[in-house]
There are 2 protein chains.
Amino acid sequence: MAITKKDHFPAHQQRIAAIAKALSHPARIALVSELASQNACVCGDLVAELPLSQATVSQHLKVLKEADIISGETDGPRVCYCINWTSLTQIRQDLDAWLETLTEHQECC
Amino acid sequence: MAITKKDHFPAHQQRIAAIAKALSHPARIALVSELASQNACVCGDLVAELPLSQATVSQHLKVLKEADIISGETDGPRVCYCINWTSLTQIRQDLDAWLETLTEHQECC
DNA sequence: ATCGGTTATCGTAGATATACGATCAATGCA
DNA sequence: TGCATTGATCGTATATCTACGATAACCGAT
């Protein structure tokens, strides 16, 4: 793509886009749902729930971690992942705030 | 990616992911914001607002259109784009519903 | 120290996404 | 009819994403 131009946009637009991007794959939606419903927390259990290899699941978990949606702490030989509720709440607010500003003007063509 | 496995996930998870994907680029967030604030509707004006070429903007508009977030109707030689409020409202509800189900269980590690 | 189990990372292949110039199709106007 | 304007599409280059096997790193227990 030659050179990305994402940096040419305002920070708040980049923020919304970054949140959306982290949630733009069904596997990551499934992981977040699974973690939230507390059916699983250990990485191995999550791998068992998804139709993906361990390596791929680990990669998706990394994306969610970098977006600060989840966090993982080592528990002996395993890793326990869980939702970062503080961050997720903020994300929800940011999304909602943006969607709200849209509807405020609602009077298009 | 060899073969995509997105189809192996439940429809509602695919739906959330698809919404997120359509909003996963700052240019598209900017386009939606711009359209909602009614500062522009004609494609040419949108191109002038963004730091992208006409071809690229047209491509982003196409993505938003396919996600049913916006619609465009020909107005003489121009094309007038506008927010599909019905669909956007539904999207907002779907997103909010998903986020709500997450917090219901909120009691992780 | 070695072994078995767990997870992250590396390397890689193929699929998509991003970006743009060039071109095409459609429209309005001279 | 011919021309300028507008916007979609094509072709293409590069970047990023998705997926997995293989391997490395780590831990607990023997």
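Every chain is numbered from 1, with letters handed out A, B, ... down the list of sequences.
- Residue contacts for B:Leu52: at a heavy-atom cut-off of 4.0 Å it reaches the sugar-phosphate backbone alone, with no base atom in range.
- Distance A:Leu31 CG to D:dT18 C1': 14 Å, rounded to the nearest Å.
- Backbone-only contact: B:Val42 has heavy atoms under 4.0 Å from sugar-phosphate atoms and none from a base.
- Comparing A:Gln54 and B:Ser24, the nucleotide of DNA chain C nearest to each residue sits closer to the 5' end for A:Gln54.
- With rounding to whole Å, B:Lys5 atom NZ is found 14 Å from D:dT18 atom P.
- With sequence neighbours excluded, no residue forms a salt bridge (charged side-chain N to carboxylate O under 4.0 Å, His left out) with B:Arg78.
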I'd like a table of atom pairs between the protein and nucleotides 25-30 of chain C - only N or O on both sides, under 3.5 Å - with the distance next to each one.
none

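- A search for salt bridge (charged side-chain N to carboxylate O under 4.0 Å, His left out) contacts involving B:Asp68 returns nothing, not counting sequence neighbours.
- Taking the six-membered ring for Trp and thresholds of 30 and 60 degrees, B:His25 and A:Phe9 have ring planes more than 60 degrees apart, a perpendicular arrangement.
- Within 4.0 Å (heavy atoms only), A:Lys65 reaches no atom of the nucleic acid at all.
- Nearest heavy atom pair, residue A:Gly72 against residue A:Lys65, reads N-CE, 4.1 Å.
- Contact annotation: A:His60 side-chain N/O to D:dC17 OP1/OP2 distance is not under 4.0 Å.
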Inset, instruction - Under the side chain to side chain donor-acceptor pair (under 3.5 Å) rule, what do B:Trp98 and A:Ser33 come out as? Steps first, then yes or no, please. - result: CA-CA 9 Å; B:Trp98 179 64; A:Ser33 300; 3.0 Å; yes
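- For the OP1/OP2 pair of D:dA8 and a distance below 4.0 Å, the side-chain nitrogens and oxygens of B:Ser58 include at least one atom meeting the criterion.
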